[in-house]
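Note sheet for the following structure.
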Amino acid sequence: MNEIIFFGQNSYPKLIKNEREERVIKPIQFKFENENENEKQIKQISTGKATTIFLFENCKATDNLYYSIISKFENIQKVSSGFEDETILTKEGNVFAKGRDINPQNPNKFINISSLIEDKNDRIIQDIVSGFNSIYLLTSNHNVYGIGENYQGQLGFDSKTLERTRNPILMMKNVSKIFSGNSSSSVFLLNSNQELFGCGNNNEGQLGLGIRRRKIQNLAKIQNIPKGKIIDIQCGFNHSIMLIEDENEDEKRKLYSCGYYQYNGLGKEEDEYTYEFTEIKSPLFENDNILDFSVGSYHTLILTYNEKFISFGSNLYGQLGTGDTNTQSIPIQIELPELRFNGDIFNYHISCGYNNSFLYYYSPPFSNLEEDLIKLFRRKEFCNISFKTKNGEIIKAHKLILKYRLNQNQNEIEKLQEIISKKSIKESNQIFEMIYSNRIINPKLYSEIKEITNLNEKIEETMKRIYLNENEKDFIIERKEKQYKFPKLILIMRSELYRGMFLSVTNDTSNKVTDYSELKIKQISSSNSSTIFLFKNGKAIEYLKYSKQNPSKIQIENIQKVTVGYQNEAILTIEGNLFAKGENINPKNPKKFINISSLIEDTNDRIIEDIVSGFKTIYLLSSNHNVYGIGSNHFGQLGFDSKTLRKTQKPILMMKNVSKIFLGNISTHVFLLNSNQELFGCGNNGVGQLGLGESRKKEKKQISIN
């Protein structure tokens, strides 16, 4: 049975029908349902902006999860989904594609584009790569052809003379690999000598040439490449990420990025352009090795040898899988539904679309032995505990299984009996389904079982031995002076009856708000990803937008004001303490509140009387009428030159004798009013929003507004 993990934009197309939300911010699993499992074993997933193609091991494919199989093609070996096109490579070396720039008269019809190559002896294709309305073909003779758009020179020709082509055009000879991205107008070509060439859009320096120029219309050699073997390069909308294997460092793999920092797509804290490939450093893969990665329009996913799943970049649609919509400038590990790699981490597929993400892994179907064991567990004589619902229905369950799931605690079973007695049969079954669900399977289990059964011991005897050791941490089977250890009840973990994690009954609900009827709201503050409700009793709750979780209590008492900015939250207490959290406030743990008023250098100026949040920035007005700022200063919104101060994690004095602060929660400019009713402003003034009478991108210091 295939299991696929998905998160991100769930529209255009709607990949998951039973999910009404446009954004799936918390990773979820879905499965193909088909009587013939051999037709649903995934080999590859390729996803672009508007389509997702699933290629199965039987060499058939479907474009979008619930659409029918693309029946015209039988022997497919690779699929590629671009921004607005789809491409299919068959085992015979033919390439079929569809899209507005491929077949404008009928963009939904596949045509054979490899047959359009002028040289008839060069029509056998061995690889395909899709970009932004462009497709690249690598032939068996190691020649690369391009077809589609050439507005940015991505086909290697002057866009003034060639805007697009519907016939494949020769770009370069002696090529071993092609690299691009489903939303990129840039392309890289690697020759057999490991020399790298690039062309196309370079308006943000994403080709790594060391310069920033809008178009590179002829293939240019990339000079300053990190040492090592190029494993892969993937391109986003305005940036590129390269995976290098350092052969001198125990084949250590490292990631490098270049281009535009927009939406934190470069994986670095610095908000600045990078015109050459520079290393992405993170403690998450410092002592690990990168197995694979995938790049979307502005986000990246990484899988490591130690089975860590890591992401960074844009998260507007939840495509990072963090459970919220906050962008991440540096790599962060994400929690997924429990993975079952069965000891084979290499059996995976990872794919980033325009604003969504997929992780695929394949678990082989049950062996005959496993099926027999599951049937044995389902036999009535093993269902030795009964639960009665409120309507008198009886649910039979396995006492040993429940004890294991409920932490070996008999009292928990009694609690469960009490809960079931107040539930309907449907509600009770839902509870049991949550109790008996997905667990990681010990990869050594199957070889041990096979070895036991090869010694002609009956399954029933094996099960009896397991039951005799039910109080052990691991079940032990002895056979011919050899001990076999079995994790408790691991034999039934893959059964459809018992799957998933225990999610209910014994969960700690002390931090969850379930009844708001007696609470009176004092203030509401909301931004792009969260909302805080402050009640008159001085307590507050936080609600994460696009999340199915209930609001949770903020563990701070005596709150007098709350403010939610873009990627930050701030809490002001009656005592004048200010607690805040966010990526620019506490990058090591952005979800944890810290006392930032205690970080003010002047210990006599730490009593805060007002707070205001903006775009990655928080402003504090002290009881001495001084204003401090903390967070991003990219637009000079803290009143300092952004070249010398990009951001600060400690409050910095901006201005004295201030009576009020004015700001918006997504604003990168701020106004300060002094006691003489004089108004000052600084920050982003790109469209004249400071009211100074002129337009200028940054105001690096407070300027009086007359």
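Each residue takes its place number in the sequence, starting with 1.
The shortest non-hydrogen separation linking Val295 to Gln234 is N-OE1, 3.0 Å. Pairing each heavy atom of Tyr317 with each of Ile25, the nearest pair is O-CG2, 4.2 Å.
With sequence neighbours left out, Thr563 forms a side-chain hydrogen bond (donor to acceptor under 3.5 Å, both in side chains) with Ser613. Looking at residues two or more places apart in sequence or on another chain, you find a side-chain hydrogen bond (donor to acceptor under 3.5 Å, both in side chains) between Glu84 and Arg100. Listed by chain and residue number, Phe73 satisfy the ring pair (Phe, Tyr, Trp, His ring centres under 6.0 Å) test with Phe96 (two or more places apart in sequence, or in another chain). Partners of Ser183 by side-chain hydrogen bond (donor to acceptor under 3.5 Å, both in side chains), not counting sequence neighbours: none found. Qualifying ring pair (Phe, Tyr, Trp, His ring centres under 6.0 Å) partners for Phe237, counting only residues two or more places apart in sequence or in other chains: Tyr298. Remark: Ser667 engages His669 in a side-chain hydrogen bond (donor to acceptor under 3.5 Å, both in side chains) (not counting sequence neighbours).
The line from CD of Gln154 to CZ of Phe132 is 9.0 Å long, rounded to the nearest 0.5 Å. One distance of note links CZ of Phe285 with CG of Leu303; it measures 12.5 Å at 0.5 Å rounding.
Asp324 has a carboxylate O that lies under 4.0 Å from a charged side-chain N of Lys591, or vice versa, which qualifies the two as a salt bridge. The existence of a salt bridge linking Asp288 and Lys308 is confirmed by a sub-4.0 Å separation between a basic side-chain nitrogen and an acidic carboxylate oxygen. Taking 4.0 Å as the cut-off between side-chain N and carboxylate O, Glu542 and Lys581 count as a salt-bridged pair.
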For Thr52 and Phe358, what are the C-alpha separation, side-chain angles and deciding distance, and is it a side-chain contact (heavy atoms from CB on, under 4.5 Å)?
CA-CA 10 Å; Thr52 297; Phe358 290 89; 3.9 Å; yes

Is there a side chain to side chain donor-acceptor pair (under 3.5 Å) between Lys268 and Ser257 once you walk through the steps?
CA-CA 9 Å; Lys268 301 162 187 174; Ser257 63; 3.1 Å; yes

Checking Tyr136 against Tyr145 for the ring pair (Phe, Tyr, Trp, His ring centres under 6.0 Å) test, could you report, in this order, the C-alpha distance in whole Å, the side-chain angles of both residues, the deciding distance, and whether it holds?
CA-CA 6 Å; Tyr136 305 94; Tyr145 292 82; over 10 Å; no

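Within the 4.5 Å cutoff, the side chain of Ile88 has heavy atoms near those of the Ile76 side chain.
The side-chain tip of Arg212 does not point at the ring of Tyr275 from less than 6.0 angstrom away and within 45° of straight on.
Looking at Asn103, its side chain never comes within 3.5 Å of a backbone N or O of Pro107 through a donor-acceptor pair. Side chain of Ser240 to backbone of Leu207: no donor-acceptor contact under 3.5 angstrom is found. Proximity of a side-chain donor or acceptor of Asn289 to a complementary backbone N or O of Arg253 within less than 3.5 Å is detected.
Remark: Ile524 CD1 is packed, more than 12 non-hydrogen atoms of other residues, nucleotides or ligands lying under 6.0 Å away.
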